Amino acid sequence: MSYSVSFPGGDVSYEFESSFGQQGYFNPENGIIITDSNIARLHEERFNGYRTIIVPGGEATKTLQHIDSVVNQLIGLEADRQTVLVGVGGGMVTDLTGFVAAIYMRGVSFCFVPTSLLGMVDASIGGKNGVNFGDYKNMLGTIRQPSFLLFDTEFLKTLPQQEWSNGLAEIIKYACIFDNELFEQLEQHDIDYYQHDQTALNALIRRCIDWKNKTVQEDELENGVRKLLNFGHTAGHAIEQKYDLPHGAAVAIGMVIACKISEKIAGLSPDITSRLIELLKRYKLPATLDFDADEIMNILKMDKKRTRSTIDYIVLEFLGHAAIRKLSLEDIREALNTFAHGSHNQPR
Ligand SMILES: NC(=O)c1ccc[n+]([C@@H]2O[C@H](COP(=O)([O-])OP(=O)(O)OC[C@H]3O[C@@H](n4cnc5c(N)ncnc54)[C@H](O)[C@@H]3O)[C@@H](O)[C@H]2O)c1
Ligand SMILES: [Zn+2]
């Protein structure tokens, strides 16, 4: 199924329920694949005939040092302004590919074939392409849309279980902030169901893509509604950094913290927080963590979204409806303290 989505920064063609082997956008003459070592090993035969740049798998690769190496390889492969860079991988690969494509020869065409669930529902969409700098995540980056996105769920057959949960954390996020029907649907099922029902999985991915596209179309540069996508990510990022948790696990805990804050300042019913906690468990995500509130506060103070003494925090007013509130550091400290003391379970 093909369709096109218009963003202020350009049109993107979507090839949904598609097959990597049967696309007409690039060929071995103009396309250069960029992928990571895990995907290259598991899907080697798919890249036959293509010039392929393989970077090490893992977040540590999303740095300028690796960009340097990729650029060197592009020069070695005689990539020119007609070349299309094809990022085949999870969010690490697609971010890196988008970044390189923005700077190589002052910009070449690029496209993405997301291979992780998180990549399909989140990272490959929206045109943000960031790389890390030292301890700072996505500190350097560009906003530039790929020419097309190809979704081939065959790739998900080799996706590790942990990565399914990571993707589902973002899916649960969309349900919380935009879509109470989706939340109810998720409450009826589990990971196993989506892994075995291709139609349900495609519908789930498509629904999330549509939410993200709609949000980015309204606010490509993240001045308003796109900020809602940070639900669960403010405390989540701090926890991820401090406790070295998988992104999905940290966002899961961050969403619960955001709900507790929402109960206090936005009138969210505590029932919704309880339902979220149950839903996270259902998708093998943690909902609690013993953490040091002061340490997390110190990291939050560095948050790039902070303006003077307040932080733009995404809260839920009710299920399926989020809002941006400016919270004082004191409000957040208080909420974190309650949460840190009220929970004594370590994540899985
Ligand atoms: N640009 C954006 O808007 C945006 C949004 C969200 C996240 N991100 C970025 O995305 C990254 C996270 O994405 P991710 O979770 O996909 O990470 P990832 O790309 O590191 O992939 C996670 C792991 O799964 C493996 N993998 C991916 N597809 C596979 C497959 N089909 N079979 C087997 N293994 C596979 C990878 O090798 C890796 O080990 C972060 O760098 C984050 O900053 C970007
Ligand atoms: Zn996220």
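It should be emphasised that the depicted structure is a prediction, and the values quoted were computed from it without experimental measurement. These values consider heavy atoms only, across backbone and side chains, with no hydrogens, waters or symmetry-generated copies. Numbering of ligands and ligand atoms starts at 1, following listing order.
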Where on [X] is there a heavy atom closer than 4.0 Å to ligand 1, on the side chain, on the backbone, on both, or on neither?
X	answer
N166	neither
M92	both
H247	neither
N38	side chain
E59	side chain
T94	neither
E222	neither
T158	both

Nearest to [atom], what protein heavy atom do you find, and at what distance?
atom	value
atom 16 (O) of ligand 1	S116 OG, 2.6 Å
atom 44 (C) of ligand 1	D95 OD2, 3.4 Å
atom 12 (C) of ligand 1	L118 CD2, 3.9 Å
atom 4 (C) of ligand 1	A123 CA, 3.5 Å

Could you measure the distance from the CD1 atom of I53 to the CG atom of L96? Nearest 0.5 Å is fine.
9.5 Å

Considering both backbone and side-chain atoms of [X], is one of its nitrogen or oxygen atoms within less than 3.5 Å of a nitrogen or oxygen in ligand 1?
X	answer
V93	no
N129	no
D122	no
L156	no
T115	yes
F155	yes
K62	yes

[X] atom [atom1], over 12 foreign heavy atoms within 6.0 Å:
X	atom1	answer
K242	NZ	no
E44	CD	no
Y193	OH	yes
R106	CZ	no
E317	CD	yes
D192	CG	yes

S6 and D11: CA distance, side-chain angles, deciding distance, side chain to side chain donor-acceptor pair (under 3.5 Å) verdict
CA-CA 4 Å; S6 297; D11 291 355; 3.1 Å; yes

With heavy-atom distances below 4.5 Å as the criterion, would you say the side chains of V315 and F231 are in contact?
no

When you compare the side chain of E222 with that of T215, does any pair of heavy atoms fall below 4.5 Å?
no

Look at [atom] and find which of [options] reaches it with the closest heavy atom.
atom	options	result
atom 35 (C) of ligand 1	T35, V55, L42, L159	L159
atom 14 (P) of ligand 1	G248, G98, G91	G91
atom 24 (O) of ligand 1	H43, E154, R41, E163	E163

Between E220 and R226, does any side-chain N to carboxylate O distance fall below 4.0 Å?
no

Show me which atoms of ligand 1 lie under 4.0 Å from any heavy atom of [X].
X	answer
K128	1 (N), 2 (C), 3 (O)
K212	3 (O)
D36	36 (C), 37 (O)
G90	16 (O), 19 (O)
N138	43 (O)

Proximity of H247 and H233 rings by center, below 6.0 Å
yes

Measure centre to centre between the rings of W211 and Y174, then say whether the value is under 6.0 Å.
no

Among K214, K212, R207, the one residue meeting salt bridge (Lys or Arg N to Asp or Glu O under 4.0 Å) with D179
R207

Check: S69/Q73 side-chain N/O donor and acceptor closer than 3.5 Å
yes

Between E154 and S19, do the side chains contain an N or O donor and an N or O acceptor separated by less than 3.5 Å?
no

With a 4.5 Å cut-off on side-chain heavy-atom distances among I, L, V, M, F, W and Y, is there a chain of contacts connecting I171 to L149?
yes

May I ask you to check if R206 and Y3 form a cation-pi contact, with NZ or CZ under 6.0 angstrom from the six-membered ring centre and within 45° of the axis?
yes

Using a cut-off of 2.8 Å, how many protein N, O or S atoms lie below it in distance from the Zn ion (ligand 2)?
3

Going by side-chain heavy atoms closer than 4.5 Å, which hydrophobic residues are tied to L150, directly or by a chain of links?
F20, Y25, F26, I33, I39, F47, Y50, V84, V86, V88, V113, F148, F155

What closest approach, in Å, do L118 and E170 show between heavy atoms, and which atom pair accounts for it?
CD1-CG, 3.7 Å

Measure the distances from the heavy atoms of P160 to every atom of ligand 1 and state whether one is below 4.0 angstrom.
yes

